[in-house]
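Index from 1, following the sequence. Note that the structure is predicted; figures quoted are calculated from it, not measured.
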Amino acid sequence: PKESLIAADLTIEGKIEGSGHVRIAGSFKGDVPVQGNLTIEVGARVTGQVRASTVTVGGELHGNIEAAARVELQETGMVVGDVKAGSLTVAAGSRMRGQVEFGWGEKGVGSLASAKVDHAVS
């Protein structure tokens with residue numbers, strides 16, 4: 001599928017919907033329900049509710065990830081909001097404030113997905 005890019009020097013308000021992949025390098029205010037993948041680049045800021053297949057957070061997300069098969073929180077990433085995901089990868093150095101549910105899948109306890117959490121070693 002095609003990928004759409006919101007460039008670093010753009011600020012957009014509205015709603016992004018569709019089946020392609022979305023990469024946000026700038027600032028976006030609004031909901032992002034997509035069937036593809038969502039990447040929030042380092043330095044980018046998204047304020048709104050997110051629903052995507054895979055969500056990669058390198059920048060800031062202020063809002064909930066309502067549903068995702070996979071969420072990857074990179075070391076530069078920050079999430080202020082709740083996360084619901086099949087699996088969650090958290091890099092050392094990332095920040096999050098909110099509630100997290102992962103590994104439950106669609107059918108509940110029967111289909112536990114894997115989760116990997118990296119810890120900072122001091």
Side-chain angles (χ1 to χ4, degrees):
K2 291 193 168 82
E3 182 175 79
S4 301
L5 170 69
I6 294 178
D9 50 356
L10 283 178
T11 299
I12 297 178
E13 275 192 52
K15 186 175 187 177
I16 299 174
E17 279 186 282
S19 57
H21 301 317
V22 177
R23 183 175 294 271
I24 298 175
S27 183
F28 181 78
K29 197 172 190 176
D31 296 345
V32 188
V34 291
Q35 272 90 60
N37 301 336
L38 171 66
T39 303
I40 301 171
E41 297 275 8
V42 178
R45 183 185 175 110
V46 175
T47 305
Q49 310 305 311
V50 167
R51 190 182 284 264
S53 179
T54 297
V55 180
T56 305
V57 183
E60 292 182 23
L61 172 62
H62 298 263
N64 301 333
I65 298 176
E66 294 174 344
R70 205 159 65 80
V71 172
E72 186 181 331
L73 196 48
Q74 297 176 334
E75 58 185 36
T76 51
M78 180 180 97
V79 175
V80 178
D82 298 344
V83 173
K84 276 189 185 171
S87 73
L88 174 66
T89 304
V90 180
S94 62
R95 293 174 295 160
M96 187 185 161
R97 182 177 289 147
Q99 293 187 309
V100 179
E101 278 181 52
F102 64 86
W104 298 100
E106 295 298 311
K107 300 175 187 71
V109 185
S111 57
L112 241 63
S114 64
K116 185 181 88 184
V117 179
D118 300 326
H119 295 285
V121 180
S122 51

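Criterion: ILVMFWY side-chain heavy atoms under 4.5 Å apart, direct or through other members. Under it, Leu5 and Ile40 are not part of a common hydrophobic cluster. A continuous path of Ile, Leu, Val, Met, Phe, Trp and Tyr side chains, each step under 4.5 Å between heavy atoms, connects Val32 with Leu10, placing both in one hydrophobic cluster.
Residues Phe102 and Val100 approach most closely at CD2-CG1, 3.5 Å, considering heavy atoms. Closest of all the heavy-atom pairs between Ala85 and Val71 is CB-CG2, 3.5 Å. In this structure, Leu73 and Gly77 approach most closely via the heavy-atom pair CD1-C, 4.0 Å. Between Gly81 and Met96, the closest heavy-atom pair is O-CE, 3.2 Å.
Counting only residues at least two apart or on different chains, the side chain to side chain donor-acceptor pair (under 3.5 Å) pairs with a member in residues 65-85 are Arg51-Glu66.
Residue Val42 shares its hydrophobic cluster (ILVMFWY side chains chained together at separations under 4.5 Å) with no other residue.
In this structure, CE in Met78 is found 4.0 Å from CD in Glu60, a value given to the nearest 0.5 Å. The structure places NZ of Lys15 at 6.0 Å from CG of Asp31, a figure rounded to the nearest 0.5 Å. A distance of 4.5 Å separates CG in Asn37 from NE2 in His21, rounded to the nearest 0.5 Å.
Checked against side-chain contact (heavy atoms from CB on, under 4.5 Å), Ala8 has the following partners two or more places apart in sequence or in another chain: Ala25.
Counting only heavy atoms from C-beta outward, the side chains of His62 and Arg45 approach each other to under 4.5 Å.
Applying side chain to side chain contact (heavy atoms under 4.5 Å, CB included) to Leu38 and the options Ile16, Leu61, Ile24 leaves one that passes, Ile24.
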